[in-house]
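For reference, the structure discussed in these notes is given below.
Below, each value reflects all heavy atoms present in this structure, side chains not excepted, and no hydrogens, waters or symmetry copies.
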Amino acid sequence: MTVPDQTLEEAESAISGHAQSLLQVKELLEESSWREAQKALRQSASSLKQDIYTIIQSKPGSERPQLRKLYSNLFNSVTGLDYAARDKDATRVWECYGNIVVALNEILSNI
């Protein structure tokens with residue numbers, strides 16, 4: 001799951017940019033550009049997922065369960081948003097987007 005040869009330092013330096021990219025999907029959602037939003041979501045989430053995983057793996061074993069739970073919550077919401085955008089379900093899209101913002105803030109404050 002980690003990027004081959006991705007160091008902890010590389011993951012830490014890239015994570016904020018990838019998190020911002022994920023949140024910028026909001027602009028596409030506001031325009032109801034569902035397909036474009038899905039593409040941008042998948043691309044930014046993929047990079048962010050790798051960064052977070054690399055960082056979690058570098059943490060002491062006692063900290064990992066909580067971080068893995070936050071990681072799971074975040075990417076379950078990303079998947080939910082992807083499906084909601086596919087179905088053009090605006091109510092569910094915004095619910096999932098709100099969950100992503102909360103989960104992302106939680107995980108970034110804990111790593």
Side-chain angles (χ1 to χ4, degrees):
M1 178 88 129
T2 60
V3 174
D5 302 322
Q6 182 184 34
T7 66
L8 175 61
E9 293 76 22
E10 290 169 337
E12 289 175 336
S13 68
I15 195 169
S16 63
H18 292 148
Q20 281 296 79
S21 293
L22 181 64
L23 295 177
Q24 287 173 353
V25 169
K26 181 179 183 181
E27 296 168 13
L28 295 169
L29 297 172
E30 289 173 336
E31 298 169 0
S32 297
S33 299
W34 305 117
R35 289 276 181 224
E36 293 80 8
Q38 284 181 284
K39 289 176 189 174
L41 177 72
R42 291 173 187 161
Q43 183 177 9
S44 60
S46 175
S47 301
L48 183 62
K49 194 176 218 180
Q50 293 167 345
D51 296 337
I52 294 173
Y53 187 83
T54 299
I55 293 169
I56 289 172
Q57 290 305 104
S58 74
K59 297 291 185 183
S62 61
E63 293 178 28
R64 289 183 193 171
Q66 178 192 9
L67 293 172
R68 285 185 183 131
K69 184 174 191 263
L70 295 172
Y71 173 91
S72 178
N73 291 343
L74 173 60
F75 292 104
N76 285 340
S77 293
V78 167
T79 300
L81 177 57
D82 191 11
Y83 286 130
R86 180 195 66 190
D87 297 339
K88 300 177 183 166
D89 181 347
T91 303
R92 181 91 175 109
V93 161
W94 292 113
E95 178 185 327
C96 291
Y97 184 82
N99 292 341
I100 288 170
V101 171
V102 169
L104 191 54
N105 286 332
E106 285 183 43
I107 200 162
L108 291 176
S109 68
N110 282 289
I111 56 174

Is a side-chain N or O of [X] found less than 3.5 angstrom from the main chain of [Y], in a donor-acceptor match?
| X | Y | answer |
| --- | --- | --- |
| E10 | T7 | yes |
| S46 | R42 | no |
| S13 | E9 | yes |

Only residue of L22, V78, L23 satisfying side chain to side chain contact (heavy atoms under 4.5 Å, CB included) with Y97 is L23
Quick one: which of I15, L108, I107 gives a side chain to side chain contact (heavy atoms under 4.5 Å, CB included) with I55? I15
Could you tell me which non-hydrogen atom of [X] sits nearest to which non-hydrogen atom of [Y], and how far apart they are?
| X | Y | result |
| --- | --- | --- |
| N99 | S77 | CB-OG, 3.3 Å |
| L70 | E106 | CD2-OE1, 3.1 Å |
| S44 | S21 | CB-CB, 3.7 Å |
| L29 | A37 | CD2-CB, 3.6 Å |
| G61 | P65 | O-CD, 3.3 Å |
| K59 | R64 | O-NE, 2.9 Å |

What is the distance from atom [atom1] of [X] to atom [atom2] of [Y], rounded to the nearest 0.5 Å?
| X | Y | atom1 | atom2 | value |
| --- | --- | --- | --- | --- |
| I100 | L41 | CD1 | CG | 6.0 Å |
| N110 | N105 | CG | CG | 11.0 Å |
| R68 | S72 | CZ | OG | 11.5 Å |
| D51 | I56 | CG | CD1 | 11.0 Å |
| Q43 | H18 | CD | NE2 | 9.0 Å |

ILVMFWY network linking [X] to [Y], side-chain heavy atoms under 4.5 angstrom:
| X | Y | value |
| --- | --- | --- |
| L8 | Y71 | yes |
| F75 | L104 | yes |
| W94 | L28 | no |
| I111 | L74 | yes |

Tell me whether the count of non-hydrogen atoms from other residues, nucleotides or ligands lying under 6.0 Å of CD in E63 goes above 12. yes
Does a salt bridge link R92 with E95, judged by any charged N lying under 4.0 Å from a carboxylate O? yes
Should Y53 and Q57 be marked as a side-chain contact (heavy atoms from CB on, under 4.5 Å) after you check the CA-CA gap, both sets of side-chain angles, and the distance that decides it? CA-CA 6 Å; Y53 187 83; Q57 290 305 104; 3.6 Å; yes
